[in-house]
Amino acid sequence: MLEQVYRWRNKEIREQAAIIDGKTPPAILLKNARFLHSTLRRWVEGNIWIHEDRIVYAGEDLPKNTNSTEIVDCTGKTLVPGYIEPHVHPFLLYNPQSFSRFAAQTGTTTTINDNLFLFLHLQKKKAFSLLRKFEESPVTMYWWTRYDSQTELESEEVIFSNSDVKTWLEQDKVVQGGELTGWPKLLDGDDLMLHWIQETKRLGKKVEGHFPGASDRTLAKLMLFGADCDHEAMTGEDIYKRLMQGYTVSLRHSSIRPDLPVLLDDMKKMGLDQYDSMLFTTDGSTPTFYSHGMIDVMIRMAIESGIPAIDAYHMGSYNVARHYNLQHLHGMIGTGRIANINFLEDEANPTPVSVLAKGRWVKRDGDQIIVDEDIHWPEYGIEPLSIDWNLTEGDLQFSMPFGVKMVNSVITKPYSIAMDVSLDELPPDSDESFFALLDKKGKWGISTILKGFAKRVDGFVSSFSTTGDIILIGKNKNDMRLAFERMKEIGGGIVLTENGEVIHEIRLPLSGMMSRKEFPILIEEEKKLRELLKDRGYPYTDPVYSLFFISSTHLPYIRVTQRGIYDVMNKTVLFPTLMR
């Protein structure tokens, strides 16, 4: 049975009500506040009383009792609800804590997070303990649960078992199922996935789609199956098709798909001027993309494109809360809501100068305030990667006649290998590289040639991948070995080598997938990696996603997975992995 979890106990609610009567003082009083009232859809002036993590009053009155109250004069400031990011992948080199701390500085005080890492790498008991630990963060973290792995696993039916998926769905902090990267299987008759969707809806939760290029008929069928929202609109026409079928549409601006300028321009041309069913998302971008902000950047772009400011702020807050049936807690400055408030210089500048999250200052006059303790990750089973096996000659044998060709950062196609790949080093004027995917436990491997990655990358090894297995890329086998040994030595990470030396590394001691470092430091590390790879012929925009998506079967056309080289369109393994 689903456990009933209350945000505030009866005693706490009584204490909050006593503040209205003047029996006790509020913790914080925001006086003379000009703030966005989302129900009235207008800017109003008044006073906001806060007790612990809750707004206990928002209106014209002042409290009778202000003994021990922190009084903040908001004259000259504009207040808006904390922003909500509805589609976060919080394991892209950063970890959920480092991401949330940085997000709060940009005004994002609520996130809805992907559980894929937790599902694949942790036992349920540890994962659910970690979810409870995250509740201590000033940023409110909700989650979604996957129905599939978005790759081909050795034993997916065991990992994504009926009982495990349903147990995740019943968690209080899980607010949706998806994202539906495996929707082709659903259309082809996967009744277990349809059952999970039905369970999601029975629990009153949402289902997030992932439907790039879907036709009207496909969108209609997926709506019948239970999808509520989709973030894959790439044109105004895509937005229109989704709205016509009754979807909520997340407008995306991400490191892989920085689409918002096109979407905003298309919407203007098409006369799409009703925004209540539109949200904003950065869709789990890599660290460098966030250098200038998150949801605040998207709100600014919308305002500058001519969207009314109130609508723009609602797309980053109120609309999201309403979509997830969380408007009683989030998305507006109003009595009873969680005290997530952004203090702006004016409504045209969505980047806050100060931020309250759960009633605590996390940013004050431009300065960051860290109020949550650093997580002790080993307590939850997240430790440095321990690899007790070594590369063999067989791991770096590339006799396959069939290779993988990169079309852009994330799309790969098959190609026939015509060059001599029996040497220890490939010619520097070609864009072919040796490529291997090896089981992190050393059980299996597959090796081929990767075309189009770069011309002058000698050794490049990563424990960061969809499944946490090890990726090796390079022109020189000795440098690939060196990069692999260094990756082992540092407990997981991304290592770039050249001429027998390590020239850059990003340490990922949290299961080989995540850094412990604060976000600004990680941004600089990733930025340097991009620059070094670009200097060596990497022609695309996002090498981190190139690593992450090499195994992801929700993208066409050829993927390298735990089962082998996989033809996505025909759902077949072309060349299986080999036992080591």
Side-chain angles (χ1 to χ4, degrees), residues 88-95 98-99 102-103 106 252-261 282-294 297 405-412 428 431-433 435 450-466 470-476 479-480 482-483 486-487 490 492-499 501-508 510 512-552 555:
V88 176
H89 302 281
F91 310 105
L92 284 163
L93 304 186
Y94 40 79
N95 64 69
S98 63
F99 180 88
F102 185 79
T106 70
R252 176 174 55 188
H253 192 63
S254 72
S255 55
I256 289 292
R257 298 288 321 188
D259 290 333
L260 190 58
T282 59
D283 192 11
S285 295
T286 42
T288 302
F289 187 79
Y290 290 125
S291 298
H292 303 293
M294 294 185 181
V297 171
K405 178 181 179 180
M406 294 184 66
V407 177
N408 58 32
S409 293
V410 298
I411 303 298
T412 49
D431 65 348
E432 281 92 353
S433 300
F435 176 91
L450 180 64
K451 182 176 176 62
F453 180 79
K455 288 188 175 182
R456 297 177 301 281
V457 171
D458 290 342
F460 187 51
V461 170
S462 175
S463 60
F464 174 82
S465 64
T466 302
I470 312 303
I471 294 171
L472 295 86
I473 301 172
K475 310 281 282 191
N476 184 291
D479 277 311
M480 293 169 70
L482 174 63
R486 180 58 180 168
M487 182 276 300
I490 62 177
I494 299 173
V495 179
L496 184 63
T497 55
E498 186 171 281
N499 297 325
E501 294 183 357
V502 175
I503 61 172
H504 188 54
E505 64 185 30
I506 299 177
R507 298 189 179 204
L508 303 175
L510 304 182
M513 296 287 286
M514 299 176 289
S515 173
R516 297 178 63 97
K517 295 179 180 177
E518 290 299 322
F519 215 96
I521 298 172
L522 186 58
I523 285 174
E524 293 305 313
E525 289 185 349
E526 192 224 350
K527 190 180 295 183
K528 183 177 178 182
L529 177 67
R530 288 182 184 228
E531 292 169 353
L532 289 169
L533 290 176
K534 185 177 180 181
D535 290 345
R536 284 153 182 79
Y538 177 82
Y540 307 117
T541 57
D542 203 327
V544 172
Y545 258 113
S546 293
L547 295 170
F548 192 64
F549 278 164
I550 197 75
S551 298
S552 295
L555 295 167

Partners passing salt bridge (Lys or Arg N to Asp or Glu O under 4.0 Å) against Arg486 (at least two apart in sequence or in another chain): Glu489, Glu505
Carboxylate-amine/guanidinium contact Asp431 Lys451, below 4.0 Å: yes
Those residues that, when tested against Arg530, pass side-chain hydrogen bond (donor to acceptor under 3.5 Å, both in side chains) (two or more places apart): Thr286, Glu526
Residues which pass salt bridge (Lys or Arg N to Asp or Glu O under 4.0 Å) with Lys517, listed by chain and number, not counting sequence neighbours: Glu525
Side-chain (Arg456) to main-chain (Lys475) donor-acceptor, under 3.5 angstrom: no
Nearest heavy atoms of Pro287 and Ile523, plus distance in Å: O-CG1, 3.4 Å
Atom of Thr288, atom of Ser291 and distance for their closest heavy-atom approach: O-OG, 2.7 Å
Smallest separation among heavy atoms of Gly459 and Ala483, with atom names: C-CB, 4.3 Å
Evaluation steps, side chain to side chain contact (heavy atoms under 4.5 Å, CB included), between Phe548 and Val410: CA-CA 9 Å; Phe548 192 64; Val410 298; over 6 Å; no
Side chain to side chain contact (heavy atoms under 4.5 Å, CB included) between Met514 and Leu508, intermediate numbers included: CA-CA 5 Å; Met514 299 176 289; Leu508 303 175; 5.6 Å; no
Sequence-distant partners of Tyr94, side-chain hydrogen bond (donor to acceptor under 3.5 Å, both in side chains), two or more places apart: none
Trace of the side chain to side chain contact (heavy atoms under 4.5 Å, CB included) decision for Ile506 with Leu522: CA-CA 8 Å; Ile506 299 177; Leu522 186 58; 4.0 Å; yes
Gap separating the CD1 atom of Ile471 from the CD1 atom of Ile494, nearest 0.5 angstrom: 9.0 Å
Inter-residue atom distance Asn476.CG - Ser433.OG, 0.5 Å rounding: 11.0 Å
Partners passing side-chain contact (heavy atoms from CB on, under 4.5 Å) against Pro539 (at least two apart in sequence or in another chain): none
Donor-acceptor contact present, side-chain Ser409 to main-chain Tyr540, <3.5 Å: no
Closest non-hydrogen atom pair, Ser552 against Thr466: OG-OG1, 3.2 Å
With sequence neighbours excluded, residues passing salt bridge (Lys or Arg N to Asp or Glu O under 4.0 Å) with Glu518: Arg101
Partner set under salt bridge (Lys or Arg N to Asp or Glu O under 4.0 Å) for Glu524, not counting sequence neighbours: Lys527
Qualifying residues under ring-ring contact (aromatic ring centres under 6.0 Å, His included), relative to Phe453, sequence neighbours excluded: Phe460, Tyr538
Distance, nearest 0.5 Å, that separates OG of Ser462 from CD1 of Ile550: 11.0 Å
For Asp283 against His89, the heavy-atom pair lying closest together: OD1-NE2, 3.3 Å
Value rounded to 0.5 Å, distance of OH in Tyr290 from OG1 in Thr282: 3.0 Å
Spacing of OG1 belonging to Thr497 relative to CE belonging to Met487, to within rounding of 0.5 Å: 11.5 Å
Partners passing side-chain hydrogen bond (donor to acceptor under 3.5 Å, both in side chains) against Arg536 (at least two apart in sequence or in another chain): Glu498
Those residues that, when tested against Asp259, pass side-chain contact (heavy atoms from CB on, under 4.5 Å) (two or more places apart): Met234, Arg252, Arg257, Leu263
Phe102 to Met294 - nearest heavy-atom pair and separation: CD2-CE, 3.4 Å
Qualifying residue for side chain to side chain contact (heavy atoms under 4.5 Å, CB included) with Val502, from Val495, Ile490, Leu496, Asp479: Val495
Residues Val297, Leu260; criterion side chain to side chain contact (heavy atoms under 4.5 Å, CB included); working and verdict: CA-CA 10 Å; Val297 171; Leu260 190 58; over 6 Å; no
Straight-line distance of Ile411 CD1 to Leu555 CG, nearest 0.5 Å: 5.0 Å
Under the side-chain hydrogen bond (donor to acceptor under 3.5 Å, both in side chains) test, residues paired with Ser463 that sit two or more places apart: none
Partner set under ring-ring contact (aromatic ring centres under 6.0 Å, His included) for Tyr545, not counting sequence neighbours: Phe549
Check: Ser285 side chain, Ser255 main-chain N or O, donor-acceptor pair, under 3.5 Å: yes
